[in-house]
Asker: 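Before we start, here is the structure in question, set down as C-alpha cells.
Since we're looking at a predicted model, the values are computed, not measured. Along the sequence shown, residues are numbered consecutively beginning with 1.
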Amino acid sequence: MIYQVYPRSFADGNGDGMGDLDGIRARLPYLKELGVDAVWLSPFYASPQADAGYDVADYRAIDPMFGTLHDADAVIRDAHALGLRIIVDLVPNHCSDQHPWFRRAREEGPGSPLRERFHFRPGRGTDGELPPNDWESVFGGPAWTRTENPDGTPGEWYLHLFAPEQPDFNWDHPAVQDEFRSVLRFWLDLGVDGFRIDVAHGLVKAAGLPDLGRAEQLKLLGSDVLPFFDQDGVHTIYRSWRTVLEEYPGERIGVAEAWAPTPERTALYVRPDELHQAFNFHFLGADWDAARMRAVIDDSLAAMRPVGAPTTWVLSNHDVVRHATRYADGDPDRGLRRARAATLLMLALPGSAYLYQGEELGLPEVTELPDEARQDPAFLRTSADGQAGQDGLRDGCRVPIPWSGTQAPYGFGPRAGGPSWLPQPDSWAALSVEAQTGRPGSTLELYREALAARRAHPALGAGESVEWLTAPDGVLAFRRRAHGGGQDLVCTVNTTGEPVTLPAPGRALLSSDGEPPCAEVEFTLSADTAVWWAV
C-alpha cells in the first residue's frame, strides 16, 4: 500500500499557506495509523514552480517553499522509525529552463556543447521561422520554442513536450545518463527507499525526430507508440538504473509512470532487470462497468505474469479527476458510493495499490475554482494560445486536504483562518480527518478497516490471479485463495443501479455501504456496493 503525498497540499507546517516537509513530518503518524506501507512524495526539489515542481532546477536541493535538505532527512528518518518506506519523485524527461545546463546552453548560443544535452534544432521554413517538426506539447501548442541568439537575432528551437519552461533532456548524451545515475545515488545515500519516475515513457525520442503527421496528438497518448513516447530505447536506461538500485542494501524500488498503449507494453518496463512496478493507467481509466473492469483486471494480471512483476492498481492521482467525481455521473452521492465500492474492489486484487491523499476522506474534485486561483500551466497555456493540450483543470484534485475544524483551511496550517494556496470548499468541514475519525460508516474508517483487513487476511495482498465466480450481468464476483492455509476471501461488487440478490458465499467481513450483511443463504447486494466475504 503506497500513499501519494502531494507536498504543497498535504500539510502546512509554517503557516504560509503552502504544504511543506515539516507538515508532512508531523502527519506521518496519521499515515501509519491509516495502515499504509510506503509514502510517495511528489517533487520537492529546487524549482521556479512553473509546473508545481515538475520543472527542476537542482535535483540535489530542496525548494525553500518546502524546507531544507535537513527537513527531508528528518522526514525519511521519522518515516523509517514508524516502519514506513519513502519513495521520492524523479523527473528525468525534462528539467527547468533555469537548470544551470540549460541556462548556459541558451546564453552560449549555437555550437555550445551544452546544447547537445537537450534537443536544439534549426527551424524549418525560409528563415527558420517554423518549428523543426509537428510535435505538440502535452500542455497545448507546439512542442518547440524558438530562442534568441546572443546578438538578438532569432535562433534555434528547443524541444519541450510539456511547458516551454521544461526543456527535454537528450538521453542519447552520456553526460545526461551519468548525471541521473549520480542523482539516484545521492538520494539513496540519504536513505530513500525508491523512486517514482515521472514520464518514464518519454526519455528517448525516435531517431531524426520525425513528424507525426497529424494534429490532436494528445488523443493518441496511451493508444499508440509515438515518436516521442514509449520508444524501445528507454529500457536500456532502466537496466542501468536497476544496477544502481541493487548497489544498496534492503529493498529499493523503481516505479514507472509509463503511459503505454497496452498492458503488454507496460510490462516491458518491469522485466526482471528493469524497474519493479509500473502504474496501471488502464485500470484507472476503466468506466464503472463490470464487464470493462473485469477485462482490464484480466489483461493487467496476464501482462504482468510473464515478467514476474506485481500488478498495480490506482484510482486517483494528482493529474486526474478524483474518482469520487469521475464515477458520479452528475450525482455526488452516487459518486461516493461507487468510489467506496471501487476501493474495496481494488484492495481485494493481487499486487500493490496506490492511494492519493484525501481519497480516504471521500474528497470530490473541486470543480468551481475561480480562474484567478488556478495554477495548472496547461490551463494558463490553453487560455493564452487557444490550442488545447491537457484540460488544464488539474488544480481541482490538488486542493489542500482538510484535517480539522469547521472553517478553512481546516487544520491544513497551524492557525484557524490562515491561508491556503488553493481555496477549499465550505462543505469540506464534514469531510475532515477529525470529523470522520471514530464515526461508524465514514469513508476514513472504511479505509482504515479495509487496510487493516488487507494486511491481516491470508488471501489478500500478494498473488498473481483471481478466480472469477458466476454472477449476474453488472456484478463482479471473484475468489482469492489464502496463502499458506486459512480462509479464502470472496469479493462481490454490484456496478448496476439496482439491488441484486445473490447466494451468500460465506461470512461477510466488510461492506462499502456500511454494516456488512448478515446472511446464511441469500443476501441483497445494494446498488454500487462491494462486500468482502470470508469463505
Asker: Under 4.5 Å between any side-chain heavy atoms of V244 and R252, yes or no?
Answerer: no
Asker: In chain order, what residues pass the ring-ring contact (aromatic ring centres under 6.0 Å, His included) check against Y3, with sequence neighbours excluded?
Answerer: none
Asker: Is there side-chain contact between T443 and T343, with heavy atoms separated by less than 4.5 Å?
Answerer: no
Asker: For R77, I'd like to know if atom CZ has over 12 heavy atoms of other residues, nucleotides or ligands within 6.0 Å.
Answerer: no
Asker: Under the rule for side-chain contact (heavy atoms from CB on, under 4.5 Å), what residues qualify as partners of T501, not counting sequence neighbours?
Answerer: E522, T524
Asker: Test side chain to side chain contact (heavy atoms under 4.5 Å, CB included) on L184 and L90; report intermediate values, then the result.
Answerer: CA-CA 9 Å; L184 290 174; L90 189 63; 3.7 Å; yes
Asker: Evaluate the side-chain proximity of V199 to H94: yes if any heavy-atom separation is below 4.5 Å, no if none is.
Answerer: yes
Asker: Taking all non-hydrogen atoms of both residues, which atom of S404 and which atom of S432 are closest, and how far apart?
Answerer: N-CB, 3.8 Å
Asker: Return the minimal non-hydrogen interatomic distance between L509 and P516, and the atom names on each side.
Answerer: O-CG, 4.0 Å
Asker: List the steps, then state whether salt bridge (Lys or Arg N to Asp or Glu O under 4.0 Å) holds for D37 with R454.
Answerer: CA-CA 12 Å; D37 300 302; R454 186 179 189 270; 5.2 Å; no
Asker: Just so I know, are the side chains of I297 and F283 near enough to count as touching, which here means a heavy-atom distance under 4.5 Å?
Answerer: yes
Asker: Which pair of non-hydrogen atoms, one from H323 and one from A339, has the smallest distance, and what is that distance?
Answerer: CD2-CB, 3.5 Å
Asker: Under a 4.5 Å cut-off applied to non-hydrogen side-chain atoms, are P425 and E368 in contact?
Answerer: no
Asker: Side chain to side chain contact (heavy atoms under 4.5 Å, CB included) for L84 and V36? Distances and angles first, verdict last.
Answerer: CA-CA 8 Å; L84 297 170; V36 302; 4.1 Å; yes
Asker: Are the side chain of Q4 and the backbone of W40 linked by a donor-acceptor contact shorter than 3.5 Å?
Answerer: no
Asker: Does anything in residues 480-505 form a ring-ring contact (aromatic ring centres under 6.0 Å, His included)? List the pairs, not counting sequence neighbours.
Answerer: none
Asker: Specify the closest pair of heavy atoms between G411 and W403, including all atoms of both residues, with the distance to one decimal.
Answerer: O-CD1, 3.7 Å
Asker: Report the distance from atom CG of D230 to atom CH2 of W259, rounding to the nearest 0.5 Å.
Answerer: 13.0 Å
Asker: In the structure I gave you, are the side-chain heavy atoms of P440 and E445 within less than 4.5 Å of one another anywhere?
Answerer: no
Asker: Quick one: ring-ring contact (aromatic ring centres under 6.0 Å, His included) partners of H235, sequence neighbours excluded?
Answerer: Y269
Asker: Is the side chain of R8 donor-acceptor paired with the backbone N or O of A52 at a distance under 3.5 Å, no angle test?
Answerer: no
Asker: Shortest non-hydrogen contact from A508 to W533?
Answerer: N-CE3, 3.4 Å
Asker: As a quick check of understanding, evaluate salt bridge (Lys or Arg N to Asp or Glu O under 4.0 Å) for R294 and D289, giving each step before the final call.
Answerer: CA-CA 9 Å; R294 176 169 174 168; D289 174 84; over 6 Å; no
Asker: Could you state the interatomic distance from OG1 (T470) to CG (L502), rounded to the nearest 0.5 Å?
Answerer: 11.0 Å
Asker: Quick check: does any side chain N or O of D20 sit under 3.5 Å from a backbone N or O of D12, one acting as donor and the other as acceptor?
Answerer: no
Asker: Should N317 and F281 count as side-chain neighbours, where that means a heavy-atom distance under 4.5 Å?
Answerer: yes
Asker: Please report the interatomic distance OG1(T495) to CE(M293), rounded to the nearest 0.5 Å.
Answerer: 7.5 Å
Asker: Among all residues two or more places apart in sequence or in another chain, which pass the side chain to side chain donor-acceptor pair (under 3.5 Å) test with S300?
Answerer: N280
Asker: Can you tell which of D331, T529, D528 makes a side chain to side chain donor-acceptor pair (under 3.5 Å) with R338?
Answerer: D528
Asker: Is a side-chain N or O of T311 found less than 3.5 angstrom from the main chain of G351, in a donor-acceptor match?
Answerer: no
Asker: Using a 3.5 Å distance criterion without hydrogens, assess whether the side chain of S511 forms a donor-acceptor pair with backbone atoms of V531.
Answerer: no
Asker: Hey, do the aromatic rings of W187 and Y45 have their centres closer than 6.0 Å?
Answerer: yes
Asker: Without swapping roles, check the side chain of Q436 against the backbone of L444 for a donor-acceptor pair under 3.5 Å.
Answerer: yes
Asker: Side chains of W532 and V490: does their closest heavy-atom pair fall under 4.5 Å?
Answerer: no
Asker: Of the options L161, V138, L203, V204, which is the one that meets F228 in a side-chain contact (heavy atoms from CB on, under 4.5 Å)?
Answerer: L161
Asker: Who are the side chain to side chain donor-acceptor pair (under 3.5 Å) partners of D273, not counting sequence neighbours?
Answerer: R239
Asker: Compute the centroid of each ring, for H318 and then for Y54, and state whether the two points are separated by less than 6.0 Å.
Answerer: yes
Asker: In Å, rounded to the nearest 0.5 Å, how long is the span from CZ of R242 to CG of L275?
Answerer: 8.0 Å
Asker: Tell me if a side-chain donor or acceptor on Q231 pairs with a main-chain N or O of L226 at a distance below 3.5 Å.
Answerer: yes
Asker: By ring-ring contact (aromatic ring centres under 6.0 Å, His included), which residues pair with F412, not counting sequence neighbours?
Answerer: none
Asker: Check R398 with D319, please: is the shortest side-chain N to carboxylate O separation under 4.0 Å?
Answerer: yes
Asker: Has Q277 got a side-chain atom pairing as donor or acceptor with P310's backbone, closer than 3.5 angstrom?
Answerer: no
Asker: Nearest heavy-atom pair of L525 and N494: which atoms, and what distance?
Answerer: O-ND2, 3.1 Å
Asker: Has the side chain of Q424 got a donor or acceptor atom that lies under 3.5 Å from a matching backbone atom of V399?
Answerer: no
Asker: Write out all pairs satisfying ring-ring contact (aromatic ring centres under 6.0 Å, His included) with one or both partners inside residues 437-473, taking only residues at least two apart or from two chains.
Answerer: W468-F478
Asker: Could R196 and E257 be called an ion pair, given the rule that one side-chain N must be under 4.0 Å from one carboxylate O?
Answerer: yes
Asker: Side chains of S9 and Q357: is there a donor and an acceptor less than 3.5 Å apart?
Answerer: no
Asker: What's the separation between atom CG in D426 and atom CD in Q407, rounded to the nearest 0.5 Å?
Answerer: 10.0 Å
Asker: Could I get the full list of side chain to side chain donor-acceptor pair (under 3.5 Å) partners for R480, not counting sequence neighbours?
Answerer: none
Asker: Answer yes when D287 and R326 have at least one side-chain N-carboxylate O distance shorter than 4.0 Å, and no when they do not.
Answerer: no
Asker: Between Y238 (side chain) and A200 (backbone), is there a donor-acceptor pair under 3.5 Å?
Answerer: yes
Asker: Which residues satisfy the side-chain contact (heavy atoms from CB on, under 4.5 Å) test with A527, sequence neighbours excluded?
Answerer: none
Asker: Sequence neighbours left out, what passes side-chain contact (heavy atoms from CB on, under 4.5 Å) with D71? Give chain and number order.
Answerer: L21, D22, T68
Asker: Taking atom OG of S42 and atom CZ of F66, what is their separation to the nearest 0.5 Å?
Answerer: 9.0 Å
Asker: Going by the rule ring-ring contact (aromatic ring centres under 6.0 Å, His included), which residues pair with Y410 if we only count those two or more places apart in sequence or in a different chain?
Answerer: none
